[in-house]
Structures are given as structure tokens and as C-alpha cells.
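Reading through the C-alpha cells given below for one structure.
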Amino acid sequence: MKFLGVVGALALALVLQTTVAQLVVRGTAALDLVLVVVMYVALSFGPTTGLLAGAAAGLAQDALSTGGVIGIGGLAKTVIGYVLGLFGS
């Protein structure tokens, strides 16, 4: 059940990030909904789940983004998920 909840939250965040986030945020600030979900998952379920959620979400977000190097966001979200998971547990 935890797995389905995490996957569902990440999928919803990816959909909202690619469609609605550009319309809601004006100016120079950017809202990264996927990062917010990874942080929540890491703090709630620990470092291993945070690491896996960060890696999957980051790579999926990199694959859906235009331009750039695939893997940079995955690495960043993996590290953030793991470190916050250590603080949360």
C-alpha cells in the first residue's frame, strides 16, 4: 500500500509540474512539486524509500523536461531523499 501511495503521489506531482506549475507561478520563483513530494516521502518513510523515490522521480522529471542532461535531477533528488530520510527517521 505504501508503494502505491508513493507512486501515485509522484505521478500526480509530475503531471501537475508539467501542466499547472507554469501557470500558477509568476516571476522568477519556480515551484518544484516533485521535490516537495520526495521530501515528504523521505521524512515520512525513511532514507531507503526517500532514496528510491528521489531517483525515480528525478529521472522521470529529467526524461519529461526539454533540453538539459538526463540524470542531473535524478542525482540531486536521490541525495536529497536520502539525507532527509536520515533526518526523518
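These numbers were taken from a predicted model, which means no experiment stands behind them.
- Residues meeting the side-chain contact (heavy atoms from CB on, under 4.5 Å) test with V7, sequence neighbours left out: F3.
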For residues 42-52, tabulate all N or O donor-acceptor pairs below 3.5 Å that involve a side-chain atom, not counting sequence neighbours.
residue: S44; atom: OG; partner: Y40; partner atom: O; Å: 2.9

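- For residues 51-60, no pair satisfies salt bridge (charged side-chain N to carboxylate O under 4.0 Å, His left out), with sequence neighbours left out.
- Counting only residues at least two apart or in different chains, salt bridge (charged side-chain N to carboxylate O under 4.0 Å, His left out) contacts with residues 80-89 are absent.
- Partners of L10 by side-chain contact (heavy atoms from CB on, under 4.5 Å), not counting sequence neighbours, listed by chain and number: V6, V37, V38, A53, A57.
- Using a 4.5 Å cut-off between side-chain heavy atoms of Ile, Leu, Val, Met, Phe, Trp and Tyr, with links allowed through other members, L33 and M39 fall into different hydrophobic clusters.
- In this view, L75 and V79 satisfy the side-chain contact (heavy atoms from CB on, under 4.5 Å) rule, not counting sequence neighbours.
- Under the salt bridge (charged side-chain N to carboxylate O under 4.0 Å, His left out) criterion, no residue pair touches residues 64-75, with sequence neighbours excluded.
- Other residues sharing a hydrophobic cluster with V69 under the 4.5 Å side-chain heavy-atom criterion for ILVMFWY residues are I72.
- Atom CD1 of residue I80 and atom CG of residue L35 lie 5.0 Å apart, to the nearest 0.5 angstrom.
- Placement of L12 and L31 within a single hydrophobic cluster is found when ILVMFWY residues are connected by side-chain heavy-atom separations under 4.5 Å, directly or transitively.
- Within the structure, every pair that satisfies the side-chain hydrogen bond (donor to acceptor under 3.5 Å, both in side chains) test and touches residues 53-64, not counting sequence neighbours, is listed here: D32-Q61, Q61-K77.
- Every residue two or more places apart in sequence or in another chain was checked for a side-chain contact (heavy atoms from CB on, under 4.5 Å) with L59, and none qualifies.
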